Amino acid sequence: MSKAYDPKSSEPKAWERWTSAGAFNADPQRVVDGEARPYSILIPPPNVTAALHLGHALNNTIQDILTRAHRMMGYETLWMPGTDHAGIATQTMVDKKLKAEGKGGIAEYKKKELAGENGREEFVKLVQEFKDEYEARITHQLQTMGCSCDWRRQRFTMDDICARAVREAFFRLFRDGLIYRGKRLVNWDPVTQTALADDEVEMEEVKGAFYYLRYPMVKTVDGDQTIPVTWSELGARGYPDAHQHPEDEQAWVTVATTRPETYLGDTAVAMNPKDPRATSVRGFNVMLPLVGRIIPIIEDEYVVLPVKFGGEEGDAKAEMSTGFLKVTPAHDPNDYMIGQRHNLAQINVMAPDASISDQHGWEDVGDAQVFLGKSREDARKLVVKEFQARSVSEGSEGSLLEAIKPHVHSVGHSYRSHVPVEPYLSDQWYCKVSDDKLRGNAQRALKPEQRTEPSLKGWPDSRPKTQAPDSTDGSMTFYPARYAKTYETWHDNLRDWCISRQLWWGHRIPVWHIQPKGDYKESDLQDALDALADSQGCRGELCVRMIADHELASMRAFGVCTHTERAEDLMKNLWLALPNSEDKPLNRPDLFGSTGNSLESVLKVKSMIHSMQQDPDVLDTWFSSALWPLSTMGWPDTDAANSGNEPVDDFDALLKAFNPTSVLTTAREIITLWVSRMTMFNRYFLAQDKVHDKPPFKDVFIHAMIQDGEGRKMSKSLGNGVDPLDIIETHGADAMRFTLCQMTTQTQDVRMPVEPDPETGKNTSPKFDIGRNLCNKLWNASRFAMSMLEKNPVRPGPPIDPQQLSLVDRWMLSRVAHAQGAIGSALRSYQFKDYADALYDLLWRDFCDWYLESIKPTLSEDENQPAVLRSVLDSILRLMHPVTPFITESVFERLDSIPSREILGVSVMETKSTETLCQSGWPNLDPSLRDEIAEEGYDRCRALVSAIREVRASNQVPPKRSIVLHAPGELGSDVKRWNPLVETLANVREVTDSAPEGASVAFVFEGSEYKLSDLADAVDSGAQRERLEKELADLDKSISALEGRLNNPGYTQKAPAHLVDQTRAELTQKKVDRDSVRASLDSLG
RNA sequence: GGGCGCAUAGCUCAGUUGGCUAGAGCGCUGCCGUCACAUGGCAGAGGUCACAGGUUCGAGUCCUGUUGCGCCCA
């Protein structure tokens, strides 16, 4: 074995051993047959947009630690790997890449598609290639890190098995009325031209302005709506300040807006009913400049009163408000709500690219055609310019633009294209997550102790319905517990989920839109299609729903959702067969077979369809992510999953064995996006299947976020990101894993100082040295131990009774037992730092610093000691394996061939194989090995050694010099009984009862004075005095503290008796110590 | 604006029901080329536990408030 541990040579070999042994393969049948308990984890599928970063490394290290530990504990263990197609993110990446390569980007392919070519298909193929590349890279990264996933089962959210789950889920929700079509304001990204979910919008501070615009006031006389209202008229009606304006001039209202360009779509001006001006303007309208649209002045509580008229002073909104609010229902979410309340028209004045357009619902353009075709930015400038140039009415003073005040406000930006999001009215698909069948199930999943009163009060139905230990409700627990609140609050304010995206990369929505010919009901079309489906062998695989209801039959629309590929083909064929002209017969009768029955059905359906179109949109990425616990397990059709080209065909047992999973390990930012939705879907669908009604995981562990040394997020743009592969290259995978494990505390952020590696220039962190050093320590300790075992082989024999062992051996076994317990409880409570610290202390402090040093001289004489050494090293390797799998596997391979002998109480848990360390058992140390007496005895010995070492150091005694300990009485006989521990560890040549003859140095131990001699040729009495005086000062300080405590009657009366006794004993001891130190000082003269 | 978190040694962090003379690693100082490991050993210095009140016999820990930093959601 080499002197220093070399991860580069060990890691690939260990990996090879695991994979050839099939060490990571899970066998669901063993669980179903009751041979083993299940332990399963689903990987949060990384996006295929980029290589993994340190946050992924942390998350996956944690999952691997849990997986490996439970595998060794005898659980049938599944860690399911996979990646996410990350719809918009990936599509954008590919678009950018194409543009960077000088190609046209997605726009080119959109043109092709419009021209009737396969632009969409070609583009998706390119994305597929991109995905393949990154998927391979991510897989490589995870494997290099040592992730013990069952790689045979690797999934991708868009592969066939996942696609089947998506189709099934969509169909059922559609059928059950939980998916609907809605015209809503969405967060529209004008660059990628897609709707964004609320959580895909990032708020950014923007330096903008409040623009104060004047709208002339008009009234209706004899049907003419454009008659100006004058100030004097308003004044007569009690309008405050009306007299400040010229009497006969036209009055106006001033609205304040940050987005003047949206005025084109205004359909009302609103004011608060409490506004003192409300009565005087009631019944009047205003006329939009240039557009000429007459819009009403309405009253709504939403409007903030200006300070002048009762608004709160200091409230920024009240300070800015004029009391009049322009209402643009089609371009602002709040205005949309007002519009709903007052039944206002929604006028969309923009094209999908956010340029001003009269092609998307705006008709009364009037003089505003100057704005057509302008981008929203240009339109804003132009609106300001036009308003500035005009006045309220001809000849009146002042322009329509009253003022511009700078204003910093936060604006939603697309997380992909980073442009401001445009609230945009469009038709989208929604999932009714606010339904109790979904929301309620997610709320009820939470452990009752983690629910809070306000939420339970707000949602009385969300109280858990069942409470048995294995119950369906209340069985999901968050670690750390505080994150339960994030989860809970999210559901309290849940809005329906917009699930459609105007993208090409994703699961296409399996719906055909049908415009009906004639006036008929949903069920009529359903019946006709059922008959057709029947004739085509796909009965029941189509579901019809009204998706747009309108008084006019011609404006109605039906959605036909297809349940299967077959049904999809049927609809496609129907579309192909429909002739352009209504009266012509089918142009492709061949598509439906030749039976008269089918032809009749086709003709019937055809007669009902005016036009049909496949929905062009795809589903939000999170829709397939939400199905991850189901799709990875082959749901809904395990038979179909088995028949694919999968390397394993045990899907039928998979779901039964491993859903619900044991724990989900993830970052806090996706508690809402992902955890919640998986919970809803898992419970909803599996309950329908009568499988179970459980949440998809028992525990949810939320790990910390890694920030750089300055507390900033790691990101590409800041250049502070760290690539796990770089760390593995310089430090080794185990070193990285150990450091990450040790950093994983229960706080929400952890910091990792980042600096460039002086050699490679790549980002690294000194933190990883900790892990590297630990591995090196393990390597050398093992090397040393094994060489000693070669020289002093374990002799065969019956099991050793620990009671027969020497003090240090019993102590070491006790420490291992202690560590095993600490590690077990750390794992159960997801306290990963505690795990790492327990390993560090066990290996470095206990085993290396004390045990190995202690046994050096005795190993050859003590016939039991080699067996203990062998056994302890074995246990340490096993306990360390989940954190540092590679090095422990390498060492274990060598240790395994060294003979061993059983020690009573030391065993390993049973596993299905012992071929590698990875597969073999977790240490099982009987609690009786925790030996208080040995720990106390050895601790005394160590304390004495430390005291002697301190004397040696303060007197500058060279380490090589052997000295003499003068220890009469009890201590002397103890030291002799411990022989040769003190002698070895403190380099003492001789222990004697006699007093020193020559120069000596005194030290105090347990209240008595002892002496050391032969320290050097001359003893430095100054150093001794200094040391003793410091010791005296420390003692005085603690004595006065203890006395102070005991002199406090409150303490002696109220504190627990054992504590008071303890304090008294401590005080007595300290006083004795002090006397001895004083005596030593006196004798120094 | 709402929610959550953090503030302890020069740095990164532990400190789980209040009982502590407040710990670890790195860094720092001194000694050590020793036959497992210098990616190491031994010894040492270093802290008004952000601030101000309160509860208690006793507060780093619990409560209230203040300040600063960070994250999430509007």
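So you know, we letter chains A, B, ... as the sequences are listed, proteins then strands, and number each from 1. Keep in mind it's a predicted model, so treat the numbers as computed, not measured.
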A:Glu422 bridged to A:Arg259 by N-O distance under 4.0 Å: yes

Going by the angle between their ring planes, with limits at 30° and 60°, are A:His56 and A:His53 parallel, tilted or perpendicular? tilted

With rounding to whole Å, what would you report as the distance between B:G41 and B:A59 at their C1' atoms? 39 Å

Nucleotide B:C72, atom P - distance to CD1 of A:Ile702 in whole Å: 14 Å

Base-contact (B) and sugar-phosphate-only (S) positions in nucleotides 8-13 of chain B, heavy-atom cut-off under 4.0 Å, - elsewhere: ----SS

Distance-only polar pair, side chains of A:Asp492 and A:Ser455, donor-acceptor under 3.5 Å: yes

Nearest-0.5 Å distance that lies between atom CZ in A:Arg942 and atom CG in A:Leu985: 10.0 Å

Using atom C1' in both nucleotides, what's the gap between B:U17 and B:U29 to the nearest angstrom? 41 Å

Looking for any heavy atom pair under 4.0 Å, which part of the strands does A:Lys1037 touch: base, sugar-phosphate only, or nothing? nothing

Rounding to the closest angstrom, what is the interatomic distance between B:C6 and B:U64 at atom P? 15 Å

Rounded to whole angstroms, how far apart are CZ on A:Phe832 and P on B:U16? 19 Å

Nearest nucleotide by nearest heavy atom, which residue falls closer to the 5' end of RNA chain B, A:Leu1042 or A:Gln956? A:Leu1042

Please classify the nucleic acid contact of A:Gln707 as base, sugar-phosphate, or nothing, using heavy-atom distances under 4.0 Å. sugar-phosphate

A:His491 side chain near A:Thr672 side chain, heavy-atom distance below 4.5 Å: no

Pull out every residue in residues 1055-1065 of chain A that has a heavy atom closer than 4.0 Å to any atom of RNA chain B, ordered by number, or say none. A:Ala1055, A:Pro1056, A:Leu1059

Rounded distance in Å between the C1' positions of B:A22 and B:G60: 8 Å

So the stems of RNA chain B, runs of at least three Watson-Crick or G-U pairs (under 3.5 Å), are B:1-7 with B:67-73, B:10-13 with B:23-26, B:28-32 with B:40-44, B:50-54 with B:62-66

Protein-nucleotide distance (A:Ile671, atom CD1; B:G5, atom P), rounded to Å: 12 Å

If I pick the P atom on B:A74 and the same atom on B:C57, what distance separates them, to the nearest angstrom? 47 Å

Exactly one candidate in A:Asp874, A:Leu869, A:Ile876 meets side-chain contact (heavy atoms from CB on, under 4.5 Å) with A:Val872; the answer is A:Ile876

Length of the OH-P vector between A:Tyr487 and B:C4, whole Å: 19 Å

Atom CG of A:Asp837 to atom P of B:G25: distance rounded to whole Å? 10 Å

Find out whether A:Leu877 and A:Leu778 are in side-chain contact, i.e. whether some heavy atom of one side chain is under 4.5 Å from a heavy atom of the other. yes

Heavy-atom closest contact (A:Tyr851 atom, A:Tyr938 atom, distance): N-OH, 4.5 Å

Look at A:Asp1014 together with A:Arg961 and state whether they make a salt bridge at an N to O cut-off of under 4.0 Å. yes

Is any side-chain nitrogen or oxygen of A:Lys485 closer than 4.0 Å to OP1 or OP2 of B:C4? yes

Pairwise 5' ranking along RNA chain B for A:Ile770 and A:Ser954, keeping only the more 5' one: A:Ile770

For A:Asn987 and B:C42, give me the distance from atom CG to atom C1', rounded to whole Å. 12 Å

Who are the ring-ring contact (aromatic ring centres under 6.0 Å, His included) partners of A:Phe701, not counting sequence neighbours? A:Tyr830, A:Phe832

Just the rounded figure in Å: distance from C1' of B:G3 to NE2 of A:His491. 16 Å

Flag this pair as yes if the NZ/CZ of A:Arg845 is under 6.0 angstrom from the six-membered ring centre of A:Trp850 and inside a 45 degree cone about the axis; otherwise no. no

Looking only at atom P, what distance separates B:U48 and B:U67, rounded to whole Å? 24 Å

Does A:Lys767 pair with A:Glu755 as a salt bridge, N-O distance under 4.0 Å? no

Can a side-chain donor-acceptor contact be found between A:Thr984 and A:Glu853 if the only test is distance below 3.5 angstrom? no

Using a strict 4.0 Å threshold on nitrogen-to-oxygen distance, state whether A:Arg1074 and A:Glu1031 make a salt bridge. no

Once you apply a heavy-atom cut-off of 4.0 Å, does A:Tyr483 come out as touching a base, just sugar-phosphate, or nothing? nothing

Produce the list of close N/O pairs, under 3.5 Å, pairing protein atoms with atoms of nucleotides 44-51 of chain B; give distances to one decimal.
unit_1: B:A45; atom_1: OP1; unit_2: A:Lys1030; atom_2: NZ; d: 3.1

Could you tell me how far B:G19 sits from B:G65 if I compare only their P atoms? Round to whole Å. 25 Å

Can you check each nucleotide of nucleotides 33-41 of chain B against protein heavy atoms at under 4.0 Å and return B for base, S for sugar-phosphate only, - for none, in 5' to 3' order? -B-BBSBSS

Phosphate oxygens OP1/OP2 of B:A43: is one of them under 4.0 Å from a side-chain N or O of A:Arg949? yes

Quick one: label A:Arg952 by what it contacts on the DNA or RNA (base, sugar-phosphate, nothing), any heavy atom closer than 4.0 Å. nothing

Return yes when atom CD of A:Glu759 has more than 12 non-hydrogen atoms of other residues, nucleotides or ligands closer than 6.0 Å, and no otherwise. no

Check this for me: does any side-chain nitrogen of one of A:Arg1027 and A:Glu950 sit under 4.0 Å from a carboxylate oxygen of the other? no

Report the distance from atom CD of A:Glu1043 to atom CG of A:Asp1036, rounding to the nearest 0.5 Å. 9.5 Å

Whether A:Arg668 and A:Asp749 form a salt bridge (side-chain N of Lys/Arg under 4.0 Å from carboxylate O of Asp/Glu) is what I want to check. yes

Separation of B:A74 P from A:Asn334 CG (nearest whole Å): 13 Å

